[in-house]
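Note sheet for the following structure.
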Amino acid sequence: MPELPEVETVKRGLHKLIISKQIKSVTFDNQKSFPNSSSDIEEFLIGSKITNVRRRAKVLMIDLSSKYTLVIHLKMTGQLVFVNYSKPSVTANSVRFGGGHPTDSLVDNLPDKSTRVTITFKDDSHLFFNDQRKFGWIRLMPTLEVPNIDFMKRVGPEPLEVDFTPEEFIERFKRRPNTTIKSALLDQSVIAGVGNIYADESLWGASIHPKRLMNSLTRTELNKLYKEVRYVMNFSIEKGGSTNRNYVNAEGKKGSYMDFARVFRREGLNCPRCNSEIIKIKVASRGTHICPNCQKYPNI
DNA sequence: CACTTGACCTGTCCGC
DNA sequence: TGCGGACAGGTCAAGT
């Protein structure tokens, strides 16, 4: 899915687009896509207004005036796309000059077969929850109960918070002494928000082989990794996140971080630091991209 | 306990 | 162009 920078980008987009809108109706393909009772939906969703949009780790929260919150995890292929059908740019796509297809834009074709939930606002704009692989979930619950979700109780600190120190970073990683550094980076209970892309990118930045065991890493290496994790994720947010395959922001647009990626999905290309050929290996049963020259194992 | 491996799904790409 | 298998941004439950 979307990792921290992608979810943050969606959050910022939705914040601009849907705050104070009032929900008119909701439709979904089946009960599994929206597991709340119809009475809860009637009472706490329909008619309520959007008061805030928040993110914690890779989880999005849309707060409602009913004191309920829509909690959403996009997992691998989830999308939250806002469409304002009153805009001529969307409704006028049947008017064409010249040949070719009318449009490639995602928003012009929604809903599509990946659409699982459609929220319609009073002004007839829509928020679509699309999810090709159906791993994602959306759930309505009292705002005060959100912190009690198992995931929220377990999840580690936000790495981009200003008060998140390198000391805390190093301390957290001691929880996983005998696992590989890649596995520890992906563990959301250690720190929040790192996924496969930014794990590979930050390990390359710190010149650490992803198979290195946690307890073999020096403080200097972990300090470097701390800086790289924050650098890579902040940079990606600036670029609107990464579109590897499915990810789009709240307006249906792709992120451009992949244009700047150093190793991720760049196997066979050259390392931007030493010009060696980037290879793809498997670590923690995930596809993993490294420069075998910069990231030696063991490399102390 | 700490750690690893399937399972959840659909779609796409690659090799035969 | 058909078919099988591997693989894809994540997280749990169940296994060792």
Side-chain angles (χ1 to χ4, degrees), chain A residues 1-11 29-33 35 55-60 71-81 106 109 112-117 129-139 149-156 172-203 210-216 229 232-233 236-237 239-249 254-261 263-268 280-289:
Chain A
M1 109 166 142
E3 306 179 28
L4 187 154
E6 290 74 35
V7 181
E8 178 64 21
T9 302
V10 172
K11 184 209 84 178
D29 57 347
N30 64 59
Q31 198 61 37
K32 215 177 160 187
S33 288
R55 177 191 64 76
R56 174 76 172 99
K58 303 171 191 171
V59 176
L60 272 165
V71 186
I72 301 154
H73 202 309
L74 302 174
K75 290 285 180 83
M76 301 281 258
T77 55
Q79 305 172 332
L80 272 180
V81 182
L106 172 69
N109 297 313
D112 64 19
K113 64 196 239 185
S114 75
T115 301
R116 295 174 57 197
V117 179
F129 173 47
N130 306 323
D131 185 17
Q132 183 182 95
R133 289 176 75 179
K134 302 185 178 176
F135 292 166
W137 47 264
I138 179 165
R139 203 183 136 193
I149 300 174
D150 284 346
F151 177 87
M152 291 298 185
K153 287 195 280 194
R154 259 200 328 269
V155 71
R172 304 282 308 179
F173 276 91
K174 288 183 182 166
R175 298 157 63 103
R176 304 291 307 274
N178 292 309
T179 194
T180 60
I181 180 60
K182 170 132 184 186
S183 186
L185 269 175
L186 294 175
D187 184 342
Q188 300 298 294
S189 75
V190 177
I191 58 166
V194 180
N196 209 34
I197 297 174
Y198 305 106
D200 284 5
E201 290 288 289
S202 55
L203 285 167
K211 279 189 179 169
R212 291 277 302 286
L213 291 184
M214 264 312 304
N215 59 16
S216 80
V229 166
V232 155
M233 298 222 277
S236 183
I237 291 170
K239 300 299 172 194
S242 298
T243 296
N244 186 13
R245 310 178 142 222
N246 297 281
Y247 166 76
V248 292
N249 69 12
K254 296 176 176 183
S256 69
Y257 178 85
M258 290 299 283
D259 295 343
F260 305 90
V263 284
F264 193 82
R265 295 256 299 180
R266 285 176 47 80
E267 60 271 31
K280 186 173 179 183
I281 59 176
K282 193 153 255 190
V283 184
S285 26
R286 306 296 300 273
T288 299
H289 311 77

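All heavy atoms count here, side chains included; hydrogens, waters and symmetry mates do not.
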**Request:** State whether A:Arg133 places a side-chain N or O below 4.0 Å from either non-bridging phosphate oxygen (OP1 or OP2) of B:dG11.
**Result:** no
**Asked** A:Asn196 CG to C:dG10 P: how many Å, rounded?
**Response** 6 Å
**Message:** Only pairs with both distances under 3.5 Å count, Watson-Crick or wobble alike; so what is the partner of C:dC7 in this structure?
**Reply:** B:dG11
**Message:** At less than 4.0 Å, is any side-chain N or O atom of A:Lys134 found next to OP1 or OP2 of B:dC8? Yes or no.
**Reply:** no
**Request:** Would you mind reading off the distance between A:Glu6 atom CD and C:dG10 atom P, rounded to a whole angstrom?
**Result:** 9 Å
**Request:** Determine the Euclidean distance between corresponding P atoms of B:dT5 and C:dC7; express it in Å to zero decimal places.
**Result:** 14 Å
**Request:** May I ask you to evaluate whether A:Lys280 reaches the phosphate of C:dC7, defined as a side-chain N or O under 4.0 Å from OP1 or OP2?
**Result:** no
**Request:** Report the distance from atom CZ of A:Phe264 to atom C1' of C:dC7, rounded to the nearest whole Å.
**Result:** 12 Å
**Request:** May I ask you to evaluate whether A:Lys282 reaches the phosphate of C:dC7, defined as a side-chain N or O under 4.0 Å from OP1 or OP2?
**Result:** yes
**Item:** Face-to-face contact A:Phe135 to B:dC8 six-ring, under 5.5 Å, under 30°
**Value:** yes
**Asked** So does A:Thr77 get a side-chain nitrogen or oxygen closer than 4.0 Å to the phosphate oxygens (OP1/OP2) of B:dG11?
**Response** no
**Item:** Atom pair CE/CZ of A:Met76 and A:Phe135 - distance to nearest 0.5 Å
**Value:** 6.5 Å
**Fill in**
Looking only at C:dC12, C:dA8, B:dG11, the nucleotide nearest the A:Phe151 side chain is C:dC12
**Message:** Both A:Trp137 and A:Arg265 contact DNA chain C. Which one's nearest nucleotide lies toward the 5' end?
**Reply:** A:Arg265
**Prompt:** Which listed nucleotide (C:dA8, B:dC8, C:dG10) is nearest to the side chain of A:His73?
**Reply:** C:dG10
**Pairwise P distance for C:dC3 and B:dC9, with rounding to whole Å** = 25 Å
**Request:** Can you tell me the distance, in whole Å, between the CD1 atom of A:Ile191 and the P atom of C:dT11?
**Result:** 12 Å
**Request:** Could you check how far CG of A:Asp187 sits from P of B:dT5, rounded to whole Å?
**Result:** 15 Å
**Asked** Nearest nucleotide by nearest heavy atom, which residue falls closer to the 5' end of DNA chain B, A:Lys32 or A:Arg176?
**Response** A:Arg176
**Request:** Select base, sugar-phosphate, or nothing to describe what A:Gly136 touches, counting heavy atoms under 4.0 Å on all strands.
**Result:** nothing
**Request:** Measure from CG on A:Asn244 to C1' on B:dT12 and round the result to the nearest Å.
**Result:** 12 Å
**Request:** Verify whether one side chain among A:Lys174 and A:Asn215 offers a donor that lies under 3.5 Å from an acceptor in the other.
**Result:** no
**Message:** Can you tell me if A:Gln188 touches the phosphate of C:dT11, counting only side-chain N or O atoms and a distance under 4.0 Å to OP1 or OP2?
**Reply:** yes
**Prompt:** Where does the angle between the aromatic ring planes of A:His73 and A:Phe151 fall among parallel (under 30°), tilted (30 to 60°) and perpendicular (over 60°)?
**Reply:** perpendicular
**Message:** Expressed as a whole number of angstroms, how long is the span from A:Asp112:CG to B:dG11:C1'?
**Reply:** 13 Å
**Asked** Is the distance from OP1 or OP2 of C:dC7 to the nearest side-chain N or O of A:Arg286 less than 4.0 Å?
**Response** no
**Message:** Would you say NZ of A:Lys254 has more than 12 non-hydrogen atoms from neighbouring residues, nucleotides or ligands within 6.0 angstrom?
**Reply:** no
**Asked** Which is true for A:Arg154 with a 4.0 Å heavy-atom rule: it touches a base, it touches only sugar-phosphate, or it touches nothing?
**Response** sugar-phosphate
**Item:** Any donor-acceptor N or O pair under 3.5 Å, side chains A:Tyr198, A:Glu6
**Value:** yes
**Request:** Return the minimal non-hydrogen interatomic distance between A:Ile197 and A:Ser242, and the atom names on each side.
**Result:** CD1-CB, 3.8 Å
**Item:** Touch class at under 4.0 angstrom, heavy-atom based, for A:Ser242 against every strand present
**Value:** base
**Request:** For the pair A:Asp200 (side chain) and A:His289 (backbone), establish whether a donor and an acceptor sit closer than 3.5 Å, ignoring hydrogens and angles.
**Result:** yes
**Message:** With rounding to the closest Å, how many angstrom separate the P atoms on B:dG11 and C:dT11?
**Reply:** 22 Å
**Message:** Under 4.0 Å from OP1 or OP2 of B:dG6: is there any side-chain N or O of A:Ser285 that close?
**Reply:** no
**Prompt:** Which nucleotide sits closest to the side chain of A:Thr179: B:dC3, B:dT10, C:dT11?
**Reply:** B:dC3
**Prompt:** How long is the line joining CZ of A:Arg245 and C1' of C:dA8, in whole Å?
**Reply:** 4 Å
